[in-house]
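Here's the structure we're looking at; comments come further down.
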Amino acid sequence: MNLPHTAHASPAPDPSGDPSDAGAAAAPVSVLVVDDEELTRAGLRALLSLQPGLDVVGEASDGTEVLPRVRQWHPHVVLMDVRMPRLDGIEATKLLRAELPRPPKVIVITTFENDSYVWDALLAGADGFIRKRAPVDQLAQAVRLVANGDSLLFPEAVRRLAAQHPAPPARGVGSTGAAALTVREEETLRLIARGLSNQQIAQHMAVRLETVKTHVGNVLGKLNADNRTHAVVIAYETGVLVPGGPRTAAVANWWPTTGSPRGGDCGCATAAWSAPCPSPTDPPT
């Protein structure tokens, strides 16, 4: 059953922004759950409703229902099944991006390991992905992280997924095609791909936070990306970044694999991904 909700959530933060910006204050993160299986929707709704700071405002049973539900309830985050019978999560994500000036963030959820649909959803502008059987605390944290929009969700998982999709040879800085990034913008992109927040990028590059926000905005614009995840996926897809290449060394060597709330089991890795996924919240600087 799709339950109505009368409260309208405040707009989500800007994708190049920081969670400390105005408008990202104490209001709960509103969530729309989209899945064609009623039992899955009910379970996700019940579990997420118990998590602090989250408010499940409604449900949808197919991608065709997503746009009208978003217009009705204005959620911050859409938790979207990637495979649905009439309109899948990929096309529903594209529709949100095409029809709304400030679309909600989208996390695609999938049952299938190594699902090619997930990569296509990220290329369509989804902000992240996670498996349905992830522990509820990891799912809730993923929703909060994506709502803030300040760092990449599970960067190691995105890198490993990118490695399964061949791309042209790296073009490097100043190339034509996908983008003509400056040296600083390319450095910013690589740090985004590692999962750093704006504040952490500023510390790493020894520049002001406002300078980083400018770089991030330029990266999104030049790559024609809707968000940080989209920018990283486009960069991998076009060869601007190369997973496992010399300039994108395996983040498994850079992230801690122990001592973090989700170290070693982020819920998004497939059985083939033997390296543990990092915490989505606490990358080192």
Side-chain angles (χ1 to χ4, degrees), residues 15 82 90 107-108 110 112-131 134 142 145-146 151-175 177-181 183-197 200-201 204 215-216 219-220 222-257 260 262-280 283-284:
V82 73
I90 301 166
I107 300 176
V108 293
T110 179
F112 303 95
E113 296 177 348
N114 299 314
D115 193 345
S116 62
Y117 275 54
V118 171
W119 185 251
D120 291 339
L122 295 179
L123 280 173
D127 298 83
F129 72 100
I130 196 166
R131 290 193 297 176
L145 183 69
V146 165
S151 55
L152 185 67
L153 180 63
F154 304 132
E156 170 72 356
V158 174
R159 184 186 69 83
R160 291 180 179 272
L161 190 61
Q164 300 173 22
H165 295 78
R171 286 192 283 268
V173 177
S175 63
L181 301 175
V183 174
R184 281 304 221 183
E185 289 164 359
E186 184 169 348
E187 182 181 3
T188 300
L189 174 61
R190 295 183 186 283
L191 294 174
I192 291 172
R194 288 180 172 185
L196 269 68
S197 68
Q200 291 162 334
I201 293 172
H204 183 94
H215 289 332
V216 173
V219 167
L220 297 184
K222 290 182 178 182
L223 291 174
N224 195 26
D226 295 317
N227 52 62
R228 298 164 86 96
T229 304
H230 197 200
V232 170
V233 170
I234 290 172
Y236 282 136
E237 179 78 4
T238 58
V240 174
L241 293 180
V242 179
R247 300 172 72 184
T248 53
V251 291
N253 297 327
W254 179 77
W255 284 85
T257 58
S260 65
R262 282 149 296 280
D265 183 17
C266 71
C268 61
T270 69
W273 295 350
S274 56
C277 289
S279 162

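Numbers here are sequence positions counted from 1. As the structure is a computational prediction, the values presented were derived from the model and not from experiment. Note: hydrogens, waters and symmetry copies are ignored here, and every other heavy atom, side chains too, is used.
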_Atom pair NE2 (H230) and CG (N224), whose distance is rounded to the nearest 0.5 Å_ = 7.5 Å
*Atom CG of N227 and atom CG of L122: how far apart are they, to the nearest 0.5 Å?*
9.0 Å
*Give, for atom OG1 of T110 and atom OH of Y117, the distance between the pair rounded to the nearest 0.5 Å.*
10.5 Å
*Stepwise side-chain contact (heavy atoms from CB on, under 4.5 Å) check, V158 with Y236*: CA-CA 10 Å; V158 174; Y236 282 136; 4.2 Å; yes
*Non-hydrogen atoms of A124 and D226 that approach each other most closely*: O-OD2, 4.1 Å
*Examine distances only and state if a side-chain atom of K222 and a backbone atom of A180 form a donor-acceptor pair shorter than 3.5 Å.*
yes
_Checking side-chain polar atoms at under 3.5 Å, does E185 have a donor or acceptor matched by the opposite partner on T188?_
no
*Say whether E237 and W119, considering side chains only, have a donor N or O and an acceptor N or O under 3.5 Å apart.*
yes
*Decide, yes or no, whether a salt bridge links E156 with R159 under the criterion of side-chain N to carboxylate O below 4.0 Å.*
yes
*Looking only at non-hydrogen atoms, find the nearest pair between P155 and A193 and report the distance.*
CB-O, 3.2 Å
*Is there a side-chain contact between L189 and L241 (heavy atoms, below 4.5 Å)?*
yes
*asked:* Just verifying a value: how many Å separate L181 CG and E187 CD, rounded to the nearest 0.5 Å?
replied: 12.0 Å
*Taking H204 for its side chain and L191 for its backbone only, find out whether a donor-acceptor pair lies under 3.5 Å.*
no
*asked:* For a quick test of reading the model, state the closest non-hydrogen atom pair linking L223 to A231 and the distance between them.
replied: CD1-O, 3.5 Å
*Of all the heavy-atom pairs spanning A142 and I130, show the shortest one and how long it is.*
CB-CD1, 4.2 Å
*L153 versus F129: any side-chain heavy-atom pair under 4.5 Å?*
no
*Looking only at atom types and distance, does a side-chain atom of Q200 sit under 3.5 Å from a main-chain N or O of S197, one as donor and one as acceptor?*
yes
_Distance-minimising heavy-atom pair for R228 and I201_ = NH2-CD1, 3.9 Å
